[in-house]
Amino acid sequence: MVLSRQLDESFTIFVKETEPRLRRALVAAFGQDRGLEATAVALAYAFEHWERVESMENPAGYLYRVGRSRVPFERTRPIFAPVPLDQLPDVEPGLPAALRRLSEKQRVAVVLIHAYGWSREETASLMGLSMSTVDTHLQRGLSKLRRGLGVTANV
Amino acid sequence: MSDLSTQLREYLDATASPIEFDGVVGDAVWVPSRQTSPKRRTTASWAYGIAGVVVPVALILGVALLLPGGNEDEVALQTPPSVPASGLEGTWVATEDDGSTLTATFQLSGDGVVEMLEVDDYASVCSGAPSTMTGTGGLESDTMLVIPEPILTCDDGSRPEALSGPPLEEQLQNLTFTYDPGTDTLTDNFGMVWSREGSEDANDVMRSDPTGGTPFPDTDAAVPGDDGAGPQPLGAVSILPDSVHLDFLFELCSDPNCFRDAHFMDPSGSGLGAGGFEPDTPFHVREGFPVVDAALGEGFDVVIYVTPFESSVDGFVAPGPTVRYTADYIVRGETDACGPDYEWQAGTVVCEWFVHEFEGGLPEGRYAMWAVWEAPCWAWVEYGYVVACTDPGEVMSLFSSGFDGPFEAGVEYESVDGEDPSLFAGLFGDGTAPEPILPVADGSGAAPTAGTPIPEMTEAIVGDPGQVTAQLGQITTLPTAVHLDFLFEICLPEVCFRDAHFMDPDGSGLGSGGYPAGEPFFIREGFPLTGEEPLGEGFDVVVYVTAMADPGHAGGEAIGETVRYTADYIVRGDVAGCGPGYRTQEVPVTCEWFVHEFADGLPAGRHALWVVWEAPCEAWIGFGFVEECADPDEVLSLFQSGFDAPFGDGVSYTDSDQAPMRASSAGG
């Protein structure tokens with residue numbers, strides 16, 4: 001049982017550090033429902049193959065791709081849950097629809113960098129893209145999001 | 001309302017709760033496997049919440065059904081394989097380079113043995129007849145399946161023969177399939193990538209919704225930009241299925257179809273799309289952008305970068321150089337769907353389309369195409385993408401979009417007839433190719449006098465379309481009072497001027513002189529080769545020309561647009577003075593010269609000419625100017641130099657008496 005406890009502790013630490021990143025990226029990509037499912041599947045995969053995942057240089061990036069590959073394929077853009085206006089009166093009700101209009105990579109770049117303050121380097125590492133490409137997705141995504149919400153550039 | 005970042009954060013935090021791991025690995029459960037040794041099975045419980053609803057997810061680790069048997073009495077905790085037999089079982093598909101479809105079925109038999117059946121509907125080893133291959137194997141590791149001695153037979157009864165190399169039986173030995181859980185694909189030891197049958201990745205036939213694409217403006221305002229081939233009928237327009245989650249950034253048109261949102265068509269399993277284009281078949285790429293005030297054409301350009309590559313879900317390796325194309329021509333007109341925001345456009349707008357013609361298509365292979373918008377900073381301000389400019393004339397690259405797709409035999413997209421082809425038929429007149437706008441310097445005139453010897457023209461490599469001149473003229477150095485570094489030369493028919501900076505006749509002390517208005521000239525810039533590879537692949541020298549109001553150092557007040565020119569052609573040869581270090585050069589070096597021809601010269605007035613070297617980041621490392629690259633293919637602009645000078649009546653510099661240069665001529 002010693003081995004189990006070791007696995008338990010290191011994996012718990014890993015989940016605590018990685019889950020927020022993975023969840024936010026996958027929810028941004030696929031919406032809450034599929035994104036959370038993909039996150040759970042990716043973490044389960046990590047648990048199942050912990051020895052290998054633990055030794056990776058970029059486990060979050062790898063699990064992001066695992067999560068993406070496990071999302072059930074759908075032919076429509078992801079659905080984002082409506083804004084719970086009673087809880088969030090200061091959030092634009094049109095935000096989910098505006099998010100939906102972005103491409104997957106634009107959404108991920110906008111959410112991770114603009115909303116959660118990730119660096120471009122961190123985002124590029126997770127998405128497996130160059131920083132300049134991430135920057136482009138961010139710029140376009142923000143521009144489209146702002147236009148969809150009818151807000152100005154300094155918001 | 002809160003700012004956008006706060007709104008996003010609050011919204012997502014409220015509607016997507018963290019996934020919780022309870023930190024406990026459940027009690028071991030002994031589960032007898034099909035093997036003789038039992039395997040421990042452990043459980044981990046997960047829960048996640050959507051808008052406050054907790055969804056328990058019970059996860060049970062797979063049992064290692066494919067591992068070889070062990071001692072029944074042993075209590076061993078083993079890591080289950082990444083490919084449980086139940087996951088590997090089933091049917092996988094792949095497409096060969098010759099277009100044939102391979103189907104492989106794996107079936108688990110007793111004792112963890114895997115039976116394979118592989119069918120090729122067009123086997124080259126069977127002279128095109130279908131083939132069947134069978135074999136028995138097992139897992140060598142948790143991601144690797146090996147079939148030691150598969151047997152291949154031709155369905156028509158003929159004997160299969162290897163096309164080259166060792167006998168076929170020897171080549172097929174130890175047929176190996178490696179599983180990648182990140183992509184849920186198998187790759188065999190021949191490099192073939194297999195997808196599960198029935199997945200969208202395995203679906204290599206896309207069906208387009210029969211709607212129109214982005215309506216092309218009905219206009220005859222075709223504005224020639226960079227030189228280009230004659231326009232072609234644009235054909236019908238299709239829309240890619242919604243499954244390809246893309247923004248419209250450009251269309252790729254291969255008669256009779258146009259494909260909008262032509263991104264990431266990857267049939268090898270990344271899940272981003274499928275399909276391809278016919279190799280060696282003409283096509284064009286077009287990108288629309290709404291016009292706000294002045295025409296976009298002045299200053300804006302859409303540059304296409306084309307890179308051959310070998311793809312994987314992690315990115316790509318580029319086995320060949322990136323080739324850069326500026327737009328061939330621009331079409332302008334009103335349309336109700338223009339540019340990246342076409343989906344939300346209300347009413348018509350004036351749209352400019354930048355068109356790149358690939359008359360010869362692309363050879364078979366896989367290519368990444370990236371379109372990059374370039375415009376002066378002031379123009380981006382007009383569009384609201386930039387708040388303020390340090391230098392309004394500075395050309396900035398915003399917005400890039402691209403796709404990678406295979407150019408393989410057989411077009412896999414269906415054509416649609418959502419648009420009336422006659423809408424486009426009259427767009428470009430009778431379709432006769434216009435005369436290419438290729439400035440040609442006749443180079444005739446006086447004998448050369450001095451300056452940097454021009455290499456004997458043994459190789460003329462056409463970059464952007466251009467023509468080789470017969471004679472490059474002579475060279476004179478500027479007066480030493482003009483303290484300049486040699487970075488480029490400007491050459492009139494009779495004379496070339498090296499170190500042609502800051503020639504200011506108005507007394508700033510930076511030089512004096514001018515050039516004849518309306519007379520042909522060319523600019524050339526040399527750079528030494530340090531290795532075997534020519535600079536031409538990837539490198540370019542871009543010249544920006546701006547009409548200026550005031551004299552002075554490069555800068556001052558621009559009174560017109562900045563026009564950007566890529567190199568017309570490249571000359572290569574050995575010279576004693578090449579590039580910025582020519583003054584201290586001790587021995588001849590192999591030099592590449594990038595030449596820009598201005599066949600009509602420049603109109604009277606003052607002009608600033610800036611020359612900028614561009615190359616992929618990786619190339620700069622070879623020259624020691626960059627230490628490392630985040631993106632080796634990212635084009636960096638290093639080294640710029642320029643001058644502003646009046647173009648008026650007469651040449652103000654006298655010839656020098658330096659040694660005559662070697663005359664050069666096309667073809668030696």
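Lettering of chains follows the sequences in order, A, B, ..., and the numbering in each one begins at 1.
- In plain terms, the two heavy atoms of S5(B) and H114(A) that are nearest each other are CB-O, 3.1 Å.
- Contact of P96(A) with chain B is made through backbone and side chain together, with heavy-atom distances under 4.5 Å.
- What you find for Q7(B) and E92(A) is that their closest heavy atoms are OE1-N, 2.7 Å.
- Neither the backbone nor the side chain of I113(A) comes within less than 4.5 Å of any heavy atom of chain B.
- The closest side-chain heavy-atom distance from L22(A) to I19(B) is not below 4.5 Å.
- Heavy atoms from other residues, nucleotides or ligands lying under 6.0 Å from CD of E54(A) number more than 12.
- Considering only heavy atoms from C-beta on, R24(A) comes within 4.5 Å of D13(B) through its side chain.
- Take E17(A) and apply the side-chain contact (heavy atoms from CB on, under 4.5 Å) test, not counting sequence neighbours, and it matches I13(A).
- Nearest heavy-atom pair across A14(B) and Q87(A) is CB-OE1, 4.3 Å.
- When heavy atoms are compared at a cutoff of 4.5 Å, P20(A) does not approach chain B at all.
- The shortest heavy-atom contact between Y116(A) and L12(B) is OH-CB, 3.5 Å.
- At least one side-chain heavy atom of L4(B) sits less than 4.5 Å from a side-chain heavy atom of L142(A).
- No side-chain heavy atom of T15(B) sits under 4.5 Å from any side-chain heavy atom of V27(A).
- Here the CG-CG distance, from L8(B) to L145(A), works out to 6.0 Å after rounding to the nearest 0.5 Å.
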